[in-house]
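Written out below as structure tokens is the structure these notes cover.
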Amino acid sequence: MASTAGDVLRNNLSILSPDQVELANMLIEMEQSHLFEHWPEPGIDDDEKRAFFDQIQKLNSSYPGGLAAYIKTARELLADSKSGKNPFEGFTPSVPSGEVLTFADDNFLQYEAAGVREARKAAFVLVAGGLGERLGYNGIKVALPSESITRTCFLQHYIESILALQDASCRLVEGECHAEIPLVIMTSDDTHSRTVDLLESNSYFGMKPTQVKLLKQEKVACLIDNDAHLALEPNNKYRIQTKPHGHGDVHSLLYSSGVLKNWHEAGLRWVLFFQDTNGLLFKAIPASLGVSTTKQYHVNSLAVPRKAKEAIGGITRLTHKDGRSMVINVEYNQLDPLLRATGYPDGDVNSESGYSPFPGNINQLILEIGPYMEELTRTGGAIKEFVNPKYKDSTKTAFKSSTRLECMMQDYPKTLPPSARVGFTVMDAWLAYAPVKNNPEDAAKVPKGNPYHSATSGEMAIYRANSLILRKVHSPVLEFIV
Ligand code: UTP
């Protein structure tokens with residue numbers, strides 16, 4: 001009689017530790033016995049078999065709820081994807097409330113001053129684990145020069161901006177100020193060692209090494225079918241194939257590492273999340289933080305004016321038939337059909353301002369630490385995930401290649417209670433947003449009127465913003481020079 005995967009595993013139990021046997025049982029319970037079918041008798045490839053379980057242990061411990069929870073969620077999401085379930089079923093969109101700022105007017109300056117004062121109670125989190133496939137650069141993105149005159153790389157620019165903010169904030173305090181604004185950088189296997197090298201070979205660009213902490217995100221298991229069977233690597237039958245889980249991991253890492261708790265206990269009040277290649281962002285940070293503190297926002301999403309149908313997510317209030325409501329990023333390709341299906345026959349159109357009433361999300365978030373800590377204690381940092389399998393055909397029964405669950409940093413508000421204060425701050429894109437994401441060839445194909453998001457457009461945006469700021473800021477020194 002042919003031996004089953006269960007027999008094969010039973011034969012091999014003697015080479016495994018008690019913890020590994022427990023993991024093996026979990027995998028069998030979760031109907032993953034195909035992973036062992038090819039295993040030879042004990043004595044053959046034993047080190048590989050143990051290494052397999054080392055990887056299982058890592059996948060299990062780095063996911064909130066463990067691998068069993070991952071497989072269970074995957075089955076639910078794959079079933080929803082197969083049946084074409086509308087994620088917004090029962091929800092009606094409306095425009096949330098937020099603050100629209102105009103650079104250098106009195107309102108802006110007041111918020112900016114409030115933000116600088118508050119900055120010494122802030123911590124920064126840079127998500128820098130992405131591969132940057134669209135950019136096609138083979139180094140890490142934070143090592144790229146943000147502009148070619150000084151060749152200051154993004155990481156240097158970010159660190160120097162945080163240090164400048166730290167100084168400016170301390171100068172506003174009476175008496176001594178020892179604030180050291182912490183910086184966490186989330187890396188991945190693709191970026192970790194090169195980020196460490198960049199920091200160490202440049203003396204942390206002037207920041208104290210103790211101020212900087214790197215948290216590495218782990219990849220998640222790939223899935224081969226709608227039953228969420230785990231995929232083995234094509235070239236190694238003793239390894240699970242893995243892929244990145246997305247920048248949403250940052251929340252569970254801040255929680256599980258204890259970093260968030262330390263910040264909370266140290267009396268810090270804000271966490272500011274930002275991305276790897278936006279050379280303008282720090283021009284917008286102080287005023288946005290001022291909005292958070294003045295309006296007491298638990299969540300403040302930075303946004304830019306958005307032309308209707310522009311390829312950027314819109315910040316939207318979604319209210320469910322049952323009364324639930326949330327303020328959340330809705331991807332541009334979902335916003336127009338959602339509006340049309342819920343009583344707005346024209347869909348996503350510009351208002352009299354010339355822009356869509358739904359501001360464009362630029363994925364830089366400011367969270368208030370107290371409520372953030374409370375929420376993560378409840379959820380363990382798990383963020384609502386999604387799955388995006390590429391099916392072989394319309395029966396949706398087989399995939400072209402393995403898939404995995406993903407999660408996005410900006411989906412954090414999806415689990416918040418209705419009492420949460422979630423708002424946004426809109427600033428002009430020339431001041432706040434010029435990421436470097438696309439290679440020159442693809443940037444040249446961007447439809448007319450949409451931003452290129454290339455290295456060239458990112459660099460030009462920095463020069464342009466500097467010129468516009470000098471022109472707009474009323475400065476006696478400038479008048480004297482002119
Ligand atoms: P992007 O949307 O730019 O994605 O990520 P990407 O993976 O870096 O680039 P492409 O899509 O392959 O071209 C937005 C931010 O989130 C970080 C990126 O480093 C960037 O700062 N990120 C993305 C992570 O930290 N982890 C991830 O798994 C994905």
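Just so you know, ligand 1 is whichever comes first in the structure, and atom 1 is the first atom listed for that ligand. Worth knowing before you read on, the calculation uses all heavy atoms, side chains too, and leaves out hydrogens, waters and symmetry mates.
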Do the two ring centres, one from [X] and one from [Y], sit under 6.0 Å apart?
{"X": "Y412", "Y": "H298", "result": "no"}
{"X": "F124", "Y": "Y158", "result": "no"}
{"X": "Y372", "Y": "H251", "result": "yes"}

P244 to ligand 1: N or O pair under 3.5 Å?
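No, since none of the N or O atoms of P244 sits under 3.5 Å from an N or O of ligand 1.
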Test of proximity, G132 against ligand 1: N or O pairs below 3.5 Å:
yes
Minimum-distance protein heavy atom relative to [atom]:
{"atom": "atom 16 (O) of ligand 1", "value": "H247 CD2, 3.1 Å"}
{"atom": "atom 17 (C) of ligand 1", "value": "V127 O, 3.6 Å"}
{"atom": "atom 13 (O) of ligand 1", "value": "R134 N, 2.8 Å"}

With heavy-atom distances below 4.0 Å as the criterion, list the atoms of ligand 1 near [X].
{"X": "G246", "result": "27 (C), 28 (O)"}
{"X": "Q217", "result": "24 (C), 25 (O), 26 (N), 27 (C), 28 (O)"}
{"X": "D276", "result": "18 (C), 19 (O), 20 (C), 21 (O)"}
{"X": "L131", "result": "7 (O), 8 (O)"}
{"X": "G129", "result": "19 (O), 24 (C), 25 (O), 26 (N)"}
{"X": "Q275", "result": "14 (C), 15 (C), 21 (O)"}

What donor-acceptor contacts under 3.5 angstrom involve side-chain atoms of residues 382-391, with partners at least two apart or in another chain?
| from | atom 1 | to | atom 2 | distance (Å) |
| --- | --- | --- | --- | --- |
| E385 | OE1 | Y63 | OH | 2.7 |
| E385 | OE2 | Y63 | OH | 2.9 |
| E385 | OE2 | H245 | NE2 | 2.7 |
| K390 | NZ | N388 | O | 3.4 |
| Y391 | OH | S81 | OG | 2.6 |

Using a strict 4.0 Å threshold on nitrogen-to-oxygen distance, state whether [X] and [Y] make a salt bridge.
{"X": "D411", "Y": "K414", "answer": "yes"}
{"X": "K237", "Y": "E48", "answer": "no"}
{"X": "D190", "Y": "K219", "answer": "yes"}

Distance, nearest 0.5 Å, that separates CZ of R421 from OG of S292
10.5 Å
Nearest option to atom 29 (C) of ligand 1, as decided by whichever heavy atom of P435, G248, G130 sits closest
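Looking at heavy atoms only, G130 sits closest to atom 29 (C) of ligand 1.
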Between E133, K141, K437, which one has a non-hydrogen atom sitting closest to atom 6 (P) of ligand 1?
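When every heavy atom of E133, K141, K437 is considered, K141 comes closest to atom 6 (P) of ligand 1.
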Answer yes or no for S188: is there a heavy-atom contact with ligand 1 below 4.0 Å?
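In this structure, S188 fails to qualify as a contact of ligand 1 - no heavy atom is under 4.0 Å.
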Taking the six-membered ring of Y332, is NZ or CZ of K309 closer than 6.0 Å to its centre and within 45° of its axis?
no
